[in-house]
There are 2 protein chains.
Amino acid sequence: MGSETAGLEARQPVMADVAKLAGVSHQTVSRVLNGAPHVRPGTRDRVLAAIRELDYRPNSAARALVTRRSQTLGVVSFESTLYGPASMLDGIERAARSAGYFVSVASLRSLDSRSVQEAVDRLRDQGVEGIVVIAPQTSAVSAVAKVSSSVPVVAVGSGARSSIPTVTVDNRSGAEAATRQLLDLGHRTVHHLAGPGGWLESQDRQEGWRRALEAAGAPVPTVAVGDWSARSGYEAGQRMARLEGVTAVFCANDHMALGLLRALHESGRPVPGDISVVGFDDIPEAAYFIPPLTTVRQDFGELGRRALELLVAELGGTDQPIARVQIAPEMVLRRSTGPAHRG
Amino acid sequence: MGSETAGLEARQPVMADVAKLAGVSHQTVSRVLNGAPHVRPGTRDRVLAAIRELDYRPNSAARALVTRRSQTLGVVSFESTLYGPASMLDGIERAARSAGYFVSVASLRSLDSRSVQEAVDRLRDQGVEGIVVIAPQTSAVSAVAKVSSSVPVVAVGSGARSSIPTVTVDNRSGAEAATRQLLDLGHRTVHHLAGPGGWLESQDRQEGWRRALEAAGAPVPTVAVGDWSARSGYEAGQRMARLEGVTAVFCANDHMALGLLRALHESGRPVPGDISVVGFDDIPEAAYFIPPLTTVRQDFGELGRRALELLVAELGGTDQPIARVQIAPEMVLRRSTGPAHRG
DNA sequence: ACCCCGATTGTGAGCGTGAACAAACGGAAC
DNA sequence: GTTCCGTTTGTTCACGCTCACAATCGGGGT
């Protein structure tokens with residue numbers, strides 16, 4: 001039976017069907033599909049015609065089974081709702097596509113090690129060939145480093161001091177540039193609204209800020225700490241507005257800067273007339289804050305792309321040393337910064 | 001050879017290895033793994049122990065090959081960098097996970113039909129069982145409807161008048177509520193900054209706005225058109241600031257509202273003193289605009305979740321009629337709206 | 001005319017799993 | 001003690017593809 005059972009519901013055509021229609025063996029079809037050499041052009045054409053006619057599509061599971069390659073990469077991401085992570089994911093996906101890979105995502109509920117473990121396991125169960133982790137928190141990265149058995153892993157957006165390859169923006173030099181920029185405008189010192197503890201970005205940006213101040217011989221004020229949210233920036237801003245001698249603030253990200261701007265506005269402290277503000281990230285909205293925000297741009301898409309390149313290289317086989325790619329951020333000057341008032 | 005070749009690099013253990021270690025047949029291992037009945041508890045325990053000892057993980061490709069189910073769903077998304085799409089993706093992923101599916105993403109370069117076709121094909125080649133499309137533009141949705149052969153498709157975020165199941169926010173009633181809100185505050189009429197043509201959201205929100213005006217017997221001003229970006233909102237705002245008689249503006253999204261707020265600010269038109277502004281979406285930043293933005297909240301995560309539920313139901317088999325889920329949006333009152341000034 | 005070699009095509013095996021069927025087991029009913 | 005039936009386990013096959021190898025074809029050299 002089989003061939004003559006012209007069942008009404010035609011099952012998906014398989015390679016053998018194409019072969020029969022083209023009058024060749026299934027192996028020849030396979031050769032055409034995989035671009036193998038030694039196929040006579042005429043034969044190839046007949047096979048391709050048969051493929052089109054049947055609308056045949058190779059079964060990826062069967063292929064994966066025999067080649068042991070799923071053509072799939074996994075992405076673990078944490079707050080994928082935010083602009084940064086979302087952009088990195090986007091960059092990763094595009095790069096993966098052009099490298100011939102599919103992308104499967106697993107988002108993290110929380111940042112504890114168990115949750116990371118779970119996400120990575122999930123992806124491994126699916127048979128991904130490699131994993132990109134978008135999880136900028138110290139704990140997540142170290143959790144991943146522990147887990148990384150048997151599947152290559154690359155961290156992106158952070159994790160510069162872990163045992164796995166990473167791609168990040170140079171947070172330290174970005175923060176330094178921002179701080180120096182303010183000092184150059186004549187500010188005696190620069191206050192800092194940092195990100196939450198445990199995030200490498202927070203640490204690095206804070207360190208860059210501190211270093212710039214010290215290099216200039218400026219006093220180092222107490223650090224305010226937020227949680228990246230506009231709300232936390234707002235609250236910090238209310239506190240700072242009451243402080244004496246604050247003329248410049250470097251915020252660890254644009255969202256907190258947004259909240260800070262509003263708090264200063266409501267407290268009657270004009271920006272930049274009274275206080276200058278700098279952010280970090282350059283989210284698309286930053287140019288439309290009131291006033292437009294001077295900030296440090298990171299190219300998240302590029303980060304994602306580079307991370308994927310790194311992963312693909314690693315998959316390539318020749319195991320190179322653990323790579324640490326750092327991308328230089330770029331200062332974007334807008335109207336939230338100005339010269340220190342003579343005071 | 002084979003069994004005695006204790007190769008240094010141990011290959012991934014397979015079911016047979018587990019079976020041998022546990023002293024059972026591979027089929028029994030399979031039964032344990034799939035929770036099949038009729039396995040003696042003692043046997044199950046031995047198998048589980050063997051699985052743990054070898055750190056065995058089932059080969060998903062082999063399973064997919066034989067069951068013809070990949071346990072994978074695809075997501076096609078367009079501007080996945082924006083808050084809305086990113087949140088929907090997040091919601092989809094979470095829901096998929098708890099339904100036992102993996103999620104594979106394919107982002108669109110552009111919104112033409114060819115590009116959509118390409119993305120869908122890509123996912124089908126990967127063997128996804130169903131697809132969620134996050135692509136709120138008319139053309140994309142209709143392209144998908146054409147393509148949807150052989151794989152169930154659900155559209156989310158838009159597409160309320162297509163031939164495929166959809167999950168959306170009720171844009172019309174949201175826009176109506178926003179407009180009515182402004183009219184109730186005493187404004188003679190409400191101007192509208194619409195989204196770009198070709199987007200269903202734009203159309204529906206504009207229609208809701210118009211309907212509310214007509215219901216109140218208010219004049220219907222010319223519509224300004226933006227492209228969702230803050231920049232376009234800014235430009236529209238500059239134009240509106242020069243117009244006579246503008247006391248209230250309903251923007252089709254929060255980003256444009258942000259730009260509009262800045263333009264009004266720079267033109268010396270206080271909000272809400274001179275002009276009231278309402279947005280749509282309630283992005284997390286909206287509460288920290290200057291002034292905080294009154295807007296219409298959509299729960300993007302919920303949209304994603306519902307879309308996935310719909311898709312899973314469709315996969316369930318019993319083909320139900322084409323579903324149209326609409327979620328009610330919610331007005332969020334903040335300080336960007338106030339009573340019309342007398343005069 | 002015959003042999004050799006590269007180009008081209010076909011054949012068979014096996015990837016790791018689940019499904020169908022068969023076999024073995026063990027207790028209850030007679 | 002025998003029969004019957006439900007529980008438990010094993011055997012065999014197929015899923016659709018790629019890989020290794022064998023077979024065939026065809027032209028150039030001798």
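Sequence lines set the chain letters: A, B, ... in the order given, protein chains first and strands last, and positions in each chain run from 1. All figures in this text were calculated on a predicted structure; none of them were measured in a lab.
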Would you mind classifying the nucleic acid contact of B:Pro37 as base, sugar-phosphate or nothing, using non-hydrogen atoms under 4.0 angstrom? nothing

Between B:Glu93 and B:Arg97 (salt bridge meaning N to carboxylate O under 4.0 Å), is one present in this structure? yes

Between A:Glu302 and A:Arg306, is there a salt bridge with N-O shorter than 4.0 Å? yes

If you assign each of B:Arg46 and B:Leu65 to its closest nucleotide in DNA chain D, which residue comes earlier from the 5' end? B:Arg46

Would you kindly compare B:Pro41 and A:Val66 by the position of their nearest DNA chain D nucleotide and give the one closer to the 5′ end? B:Pro41

Roughly how many Å is it from [atom1] in [X] to [atom2] in [N], rounded to a whole number?
| X | N | atom1 | atom2 | value |
| --- | --- | --- | --- | --- |
| B:Gln27 | C:dA20 | CD | C1' | 9 Å |
| A:His38 | D:dT24 | NE2 | C1' | 15 Å |
| A:His26 | D:dC15 | NE2 | P | 13 Å |
| B:Asn59 | D:dC15 | CG | C1' | 13 Å |
| B:Gln12 | C:dT17 | CD | P | 10 Å |
| A:Arg31 | C:dG10 | CZ | P | 8 Å |
| B:Ile51 | C:dT17 | CD1 | C1' | 13 Å |
| A:Gln71 | D:dC17 | CD | C1' | 13 Å |

Please evaluate the base of C:dG16 for a donor-acceptor partner in the side chain of A:Arg68 within a cut-off of under 3.5 Å? no

Whether the side chain of B:Arg69 and the base of C:dG18 hold a donor-acceptor pair under 3.5 Å is what I'd like checked. no

Taking the six-membered ring where the residue is Trp, are the ring centres of A:Phe300 and A:Tyr83 under 6.0 Å apart? yes

Indicate whether any N or O donor in one side chain lies under 3.5 Å from an N or O acceptor in the other, for A:Ser60 and B:Gln126. no

Walking DNA chain C from its 5' end, the first of A:Arg40 and B:Ala62 to be reached, judged by nearest nucleotide, is A:Arg40

At under 4.0 Å, does any side-chain N or O of [X] touch on OP1 or OP2 of [N]?
| X | N | answer |
| --- | --- | --- |
| B:Thr67 | C:dT17 | no |
| B:Thr28 | D:dT8 | no |
| A:Ser30 | D:dT18 | yes |
| A:Asn34 | D:dT18 | yes |

Below 4.5 Å, heavy atoms only, C-beta onward: do B:Arg305 and B:Ile92 meet side chain to side chain? no

Side chain of B:Tyr56, heavy atoms from C-beta onward: which of D:dC17, C:dT17, C:dG10 has the nearest atom to it? C:dT17

